[in-house]
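These notes are about the structure you will find just below.
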2 protein chains.
Amino acid sequence: MTPRGTGHRAAPEHTHPDDVPVLTALAALADPVRLTLVRELAGSPEWTRACGSFDVPVGKPALSHHFSVLRGAGLVEQRDEGARRVNRLRRAEFDARFPGLLELVLRADPLD
Amino acid sequence: MTPRGTGHRAAPEHTHPDDVPVLTALAALADPVRLTLVRELAGSPEWTRACGSFDVPVGKPALSHHFSVLRGAGLVEQRDEGARRVNRLRRAEFDARFPGLLELVLRADPLD
DNA sequence: CCCAGTGTTCGATGAAAACCATACACTCGC
DNA sequence: GCGAGTGTATGGTTTTCATCGAACACTGGG
């Protein structure tokens with residue numbers, strides 16, 4: 001009895017921004033790697049960026065973890081497209097929950 | 001030669017919000033104790049609250065450290081008044097640098 | 001059916017941060 | 001000048017978090 005897979009990949013768990021505490025949202029954005037992910041994502045059309053397509057200086061496991069945090073903060077939605085997992089920034093929903101926060105974080109910052 | 005004190009207390013170092021990176025501001029607010037301090041401070045008149053007058057479950061050294069972080073993030077201004085160090089939330093200045101962020105964080109939150 | 005590509009899980013490691021107890025410095029009232 | 005009150009500095013402990021290496025699971029193409 002060799003253990004087998006399920007034949008399909010588990011759909012990623014998402015948290016709606018409405019269910020996200022402020023502290024969680026702030027903590028999610030208070031990391032340089034995740035901030036880069038969010039910003040790059042904001043500059044691309046929805047569902048066009050796979051997880052591995054981002055220019056961040058971390059390995060695959062760390063990257064996977066960061067996306068998990070972003071999902072848990074209601075910032076990112078993911079969908080499986082063949083072998084790749086493509087992403088979308090939850091602009092409107094997140095902005096409804098935390099008005100102005102995304103805009104603030106996406107603004108070109110003179111200091112970094 | 002017994003080492004003596006200076007006869008006066010060192011004035012606390014402040015950072016103007018304009019010189020604060022977004023990541024620093026987010027990290028400063030992404031802590032439950034500091035969030036409480038900021039919120040309680042927002043609910044009191046300026047220069048009326050000494051450091052020790054806040055209802056947070058940490059000892060004095062930790063509290064002192066948290067205020068240091070808040071100063072470094074341009075969130076709090078401090079002034080010595082006799083033996084006590086009184087505080088003021090830098091509402092206008094911080095809001096000019098990060099519009100909407102303070103308002104967002106001070107809003108009564110259904111989730112926490 | 002194999003294999004390269006993509007992403008997650010697990011366990012461990014290292015760094016950062018929060019925290020405390022103690023000790024110190026200053027201010028004020030007595 | 002004492003002693004209580006207030007805040008900071010120091011040193012060390014604990015916890016948290018970002019990261020990696022290795023192993024695993026799934027997809028799609030040859």
Side-chain angles (χ1 to χ4, degrees), chain A residues 2-14 23-38 41 47-73 76-88, chain B residues 2-14 21 23-37 41 47-73 76-88:
Chain A
T2 309
R4 307 295 176 100
T6 56
H8 58 81
R9 193 179 341 191
E13 286 183 16
H14 287 99
L23 268 170
T24 304
L26 293 174
L29 291 170
D31 174 278
V33 172
R34 289 192 288 266
L35 194 50
T36 301
L37 294 179
V38 168
L41 211 43
W47 308 121
T48 61
R49 303 292 303 268
C51 294
S53 74
F54 293 84
D55 186 24
V56 285
V58 296
K60 287 195 296 180
L63 193 55
S64 183
H65 165 68
H66 283 303
F67 273 108
S68 165
V69 172
L70 290 177
R71 282 200 311 270
V76 163
E77 191 177 1
Q78 297 187 312
R79 172 208 296 173
D80 285 341
E81 223 165 65
R84 315 191 317 158
R85 180 161 283 187
V86 289
N87 300 277
R88 161 188 170 267
Chain B
T2 309
R4 307 295 176 101
T6 56
H8 58 82
R9 193 178 344 189
E13 287 183 15
H14 287 98
L23 269 171
T24 304
L26 294 174
L29 292 169
D31 175 277
V33 173
R34 289 192 289 266
L35 194 49
T36 301
L37 295 179
L41 212 42
W47 307 122
T48 61
R49 304 292 303 268
C51 294
S53 74
F54 293 85
D55 186 24
V56 286
V58 296
K60 287 195 297 180
L63 192 56
S64 183
H65 164 69
H66 283 304
F67 273 108
S68 164
V69 172
L70 290 177
R71 282 199 313 268
V76 163
E77 190 177 1
Q78 296 187 313
R79 171 209 298 174
D80 285 342
E81 222 166 65
R84 314 190 320 159
R85 181 160 283 185
V86 288
N87 300 277
R88 162 189 170 270

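Here is how names work: the chains are called A, B, and so on, in the same order as the sequence lines, proteins then strands, and each is numbered from 1.
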Using a cutoff of under 3.5 Å, can you pull out all pairs of nitrogen or oxygen atoms linking the protein to nucleotides 27-30 of chain C, with atom names and distances?
{"from": "C:dT27", "atom 1": "OP2", "to": "B:Gly7", "atom 2": "O", "distance (Å)": "3.4"}

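Atom P of nucleotide D:dG7 and atom CZ of B:Arg71 are separated by 12 Å, given to the nearest angstrom. Between B:Leu63 atom CG and D:dT8 atom C1' there is a gap of 11 Å when expressed in whole angstrom units. Nucleotide D:dG7 holds its P atom 8 Å from the CG atom of B:Asn87, rounded to whole Å. Taking atom CZ on B:Arg49 and atom P on D:dT6, their separation rounds to 13 Å, with Å as the unit. For the pair B:Arg79 CZ and D:dT6 C1', the interatomic distance rounds to 17 Å; values are reported in whole Å. Going from atom CD of A:Gln78 over to atom P of C:dG7 covers 9 Å, rounded to whole Å.
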Would you mind building the protein contact string for nucleotides 14-21 of chain D? One character per nucleotide, 5' to 3', B for base within reach (heavy atoms under 4.0 Å), S for sugar-phosphate only, - for untouched. ----SBBB
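Contacts of A:Ala27 classified as side-chain contact (heavy atoms from CB on, under 4.5 Å), with partners at least two apart in sequence or in another chain: B:Ala30. In this structure B:His66 satisfies the side-chain contact (heavy atoms from CB on, under 4.5 Å) test together with B:Asp31, B:Val33, B:Arg34, B:Leu37, sequence neighbours excluded. Residues forming a salt bridge (Lys or Arg N to Asp or Glu O under 4.0 Å) with A:Arg71 (at least two apart in sequence, or on another chain): none. Scanning for side-chain contact (heavy atoms from CB on, under 4.5 Å) contacts around B:Ser64 gives an empty result, with sequence neighbours left out. Annotation: side-chain contact (heavy atoms from CB on, under 4.5 Å) contacts of B:Arg79 (sequence neighbours excluded): B:Trp47, B:Glu81, B:Val86. The salt bridge (Lys or Arg N to Asp or Glu O under 4.0 Å) search around B:Arg85 returns B:Asp80, not counting sequence neighbours.
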Give the table of side-chain donor-acceptor pairs shorter than 3.5 Å for residues 51-58 of chain A, with sequence neighbours excluded, one pair per line with atom names and distance.
{"from": "A:Ser53", "atom 1": "OG", "to": "A:Arg49", "atom 2": "NE", "distance (Å)": "3.0"}
{"from": "A:Ser53", "atom 1": "OG", "to": "A:Ala50", "atom 2": "O", "distance (Å)": "2.7"}

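Crowding of B:Arg88 atom CZ: a count of heavy atoms from other residues, nucleotides or ligands under 6.0 Å exceeding 12.
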